[in-house]
Structure formats: C-alpha cells, structure tokens
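Numbering of ligands and ligand atoms starts at 1, following listing order.
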Amino acid sequence: MRQVAYAALGANLGDREATLREAIRRLGNSDGTELVRVSDFYETDPVGYTDQPAFLNMAVSLRTKLSPLQLLHRLLEIENELGRVRTIRWGPRAVDLDLLRYEGVEMDSGELTLPHPRMHERSFVLVPLQDVWLPESGAFPWEALVTDEARRKDGIRSWKLWDTEAP
Ligand code: X6L
Ligand code: MG
Ligand code: MG
C-alpha cells in the first residue's frame, strides 16, 4: 500500500533550479516512492530571517511505501547529498526538504510533527502546495489564504513552469 504524502522544497544558495530539479529526481528514484505532481517554481521573499537571498520554492505530491520517519530520513539524506550545511537557524541553505503531510498520520515525536504545524502560515508553502494537491486529499484546506493579495504581500513570484521530462 502506498500512502500519499506532500513535501515542500526550497533553496537560496548556488544554482537553485538545478539543485531543486536534482532533489526531485532523487526523491522520485527513492525506494518505493513515486512522484505524483510537481509544482511550478516560485521565487519568494525570505521569511523569518530576512537578510538573505530570495528563495526558490516548490512542492511535490508523492506516493510512497516508506513510513513517515523513513521518508523524513530520505529527505534529510538528499539534503546532505546535495550539500546542505546547517549553520545559522533560518539562514541560507543550498536545499531544504520538508515533509508537510502524510496521509492518515498525525504525530509529534520530537523528530517529526505531522501535519507540519506552521505550514499554513507561509505563502511560500501554500502556493506551490495548491499546485500539487490531489483530489483524493479532499478540498484544499487553505484555499481562502491563497489570494493574489497574499501572494503580493508575501512576495511570491511565478518563476518558471515545470516543463519537459516531468515525473
Ligand atoms: C516570525 C518569526 C515570523 C519566525 C516568521 C517563518 C521563521 C518561516 C522561519 C518566522 C519564520 C521560517 C524559507 C524562508 C526559511 C523558504 C522563504 C522558515 C524557516 N525557509 N523563506 N525562510 N522560503 N521564502 O523556504 O520557514 S527559514
Ligand atoms: Mg523549511
Ligand atoms: Mg527543513
């Protein structure tokens, strides 16, 4: 049985697009895991710690037979493979892969909280997530938060469409 899960991706150092494409490729090639949808790319104003370069953000939906913790560990492994170095909290990073939701799972283990508790406060998560949301997950719960006004205020710019060799 494969479960649906959603992940958010971000990068603001180096060749952001190349890094995100490679992260998605590796995620789709992970054991027992297939991509379902890949969002467009968005360039976004930094949040939290604002004195850093703009991010590219995106999201994916996937089906996996990995458990939530196995999937989290795979995401962290890909971050490491692609050169993530953890320095200052909320600071610049080559790549960031966050697990947002995993079908049917609510948990808080210290290592992993599902669903992600603060995802709906962040347009850089919600806008791409809306692109990849699957009908079987029900109506998109944050529809009312994703407005042109919110996109403008939060500095979310369409950057590039996902084209070619999609999943
Ligand atoms: C007050 C205090 C308000 C903290 C917001 C929000 C902190 C988000 C951290 C916050 C606060 C975060 C990205 C980013 C980060 C990203 C963009 C974080 C972790 N990651 N900005 N800032 N995209 N645009 O992926 O999400 S740091
Ligand atoms: Mg993050
Ligand atoms: Mg992260």
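- The salt bridge (Lys or Arg N to Asp or Glu O under 4.0 Å) check on Glu121 picks up nothing, with sequence neighbours excluded.
- Remark: the backbone N or O of Gly91 is paired with a side-chain donor or acceptor of Arg93 at under 3.5 angstrom.
- Without hydrogens or angle criteria, Thr19 side chain to Asp15 main chain gives a donor-acceptor distance under 3.5 Å.
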Between the protein and ligand 1, are there any N or O atom pairs that come within less than 3.5 Å of each other, and if so, what are their names and distances?
residue: ligand 1; atom: 21 (N); partner: Val47; partner atom: N; Å: 3.0
residue: ligand 1; atom: 22 (N); partner: Val47; partner atom: O; Å: 2.8
residue: ligand 1; atom: 23 (N); partner: Asn57; partner atom: OD1; Å: 2.9
residue: ligand 1; atom: 24 (N); partner: Thr44; partner atom: OG1; Å: 2.8
residue: ligand 1; atom: 24 (N); partner: Asp45; partner atom: O; Å: 2.7
residue: ligand 1; atom: 25 (O); partner: Asn57; partner atom: ND2; Å: 2.9
residue: ligand 1; atom: 26 (O); partner: Arg122; partner atom: NH1; Å: 3.1

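- The aromatic rings of Trp133 and Trp142 stand perpendicular to each other, their planes meeting at an angle above 60°, with 30° marking the opposite boundary.
- Heavy-atom neighbours of Glu136 CD from other residues, nucleotides or ligands within 6.0 Å: above the threshold of 12.
- Counted by atom type alone, Tyr42 and Asp131 present one or more donor-acceptor pairs between their side chains at under 3.5 Å.
- A donor-acceptor contact shorter than 3.5 Å is absent between the side chain of Glu79 and the backbone of Leu76.
- In this structure, Asn29 CG and Arg74 CZ are separated by 8.5 Å, a value rounded to the nearest 0.5 Å.
- Residues passing the ring-ring contact (aromatic ring centres under 6.0 Å, His included) test with Phe55, sequence neighbours excluded: none.
- Taking a cut-off of 2.8 Å, the protein N, O or S atoms nearer than that to the Mg ion (ligand 3) are Asp96 OD1, Asp98 OD1.
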